[in-house]
Amino acid sequence: MALLPILSFPDPRLRTIARPVEEVTDEIRQLAADMFETMYEAPGIGLAATQIDRHIQLIVMDLSEDKDQPMVFINPQITPLTEETQPYEEGCLSVPQIYDKVERSSRVKIEAINLEGQSFTLEADGLLAVCIQHEIDHLNGKLFVDYLSPLKRQRAREKIEKQVRQRQKVEAKR
Ligand code: K1U
Ligand code: ZN
């Protein structure tokens, strides 16, 4: 298993559109295992392959408190089941320490493939609905800060650039 570096906003690689997975191979299964390790260590509740600079349609997620309910979504497609939206205070491992409200569809149908290569469908609401929409946005090169005002997005960019400068200073002293 391996911990993978997570790209940070405004890295342009986060804007890459992910391509579909053609076949679920051992390499994909190993990548998913490494993504789970990276997500749990961060810590986070979801991770899209885009965030670790792999541009394929692969998402891992675990919404449980005990980190014992791993979910994998390969080539996911979502369909809104309602016109209703709900606000949720989102975070993102690629936009560290920034949290803000985003409105998303309250209920969605998810169609995807699992690590055995089998198709499955499920209906989602609550945090699962929020998180799958957030992660699919990553696969399409979109970030939650894109839903915020230009001023808030600029502030987020400046805050992260400051964090990067501080980290580089600490590393240079080592
Ligand atoms: O995609 C990501 O960057 C992961 C992101 C998922 C997400 C969270 C909240 C709303 C939408 C999408 C995160 O995991 S941010 C960290 C986080 O939410 C968290 C971390 C530790 C414990 C509980 C939550
Ligand atoms: Zn994110």
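A quick note: this is a predicted structure, and the numbers were derived from the prediction, not measured. Counting convention: from 1, in listed order, for ligands and their atoms alike.
Applying the 4.0 Å criterion to heavy atoms of Gly44 picks out, from ligand 1, the atoms 14 (O), 20 (C). Interface atoms of ligand 1 facing Cys92, defined by a heavy-atom separation under 4.0 Å, are 3 (O), 15 (S). Close approach of ligand 1 to His138 is summarised as follows: ligand atoms under 4.0 Å from at least one heavy atom of the residue are 1 (O), 3 (O). Atom numbering of ligand 1 starts at 1 in the shown order; those under 4.0 Å from a heavy atom of Gln51 are 1 (O), 2 (C), 3 (O).
There is no side-chain donor-acceptor pair under 3.5 Å between Gln69 and Ser64. Remark: the Tyr88 side chain and the Asp100 side chain contain no N/O donor-acceptor pair separated by less than 3.5 Å. No hydrogens or angles considered: a donor-acceptor pair under 3.5 Å links the side chains of Ser94 and Gln51.
The nearest heavy-atom contact from the protein to atom 21 (C) of ligand 1 is Pro43 O, 3.8 Å. In this structure, the protein non-hydrogen atom closest to atom 9 (C) of ligand 1 is Gly91 N, 3.8 Å.
Note: an N/O pair closer than 3.5 Å links Ile45 and ligand 1 by distance alone. At under 3.5 Å, a nitrogen or oxygen of His134, whether backbone or side chain, sits near a nitrogen or oxygen of ligand 1. For ligand 1, the polar-atom distance check finds no N/O of Glu90 at less than 3.5 Å from any of the ligand's N/O atoms. The shortest N/O to N/O separation between Leu93 and ligand 1 falls below 3.5 Å.
Distance remark: protein heavy atom present below 4.0 angstrom from atom 5 (C) of ligand 1.
Under the 4.5 Å side-chain heavy-atom criterion for ILVMFWY residues, a single connected hydrophobic cluster contains both Val72 and Leu93.
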Which is it for Ser105 and Gln133 under the side-chain contact (heavy atoms from CB on, under 4.5 Å) test, yes or no, and what are the steps along the way?
CA-CA 8 Å; Ser105 185; Gln133 291 175 80; 3.5 Å; yes
Derivation of the side-chain contact (heavy atoms from CB on, under 4.5 Å) call for Gln57 and Ile136
CA-CA 8 Å; Gln57 294 179 12; Ile136 288 178; over 6 Å; no
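The minimum heavy-atom distance between Leu115 and Arg29, with the atom names listed, is O-NH1, 2.6 Å.
Only the side chain of Glu135 comes within contact range of ligand 1, with a heavy atom under 4.0 Å; no backbone atom does.
Remark: Lys159 fails to qualify as a cation-pi partner of Phe9 under the 6.0 Å distance and 45° angle criteria applied to the six-membered ring.
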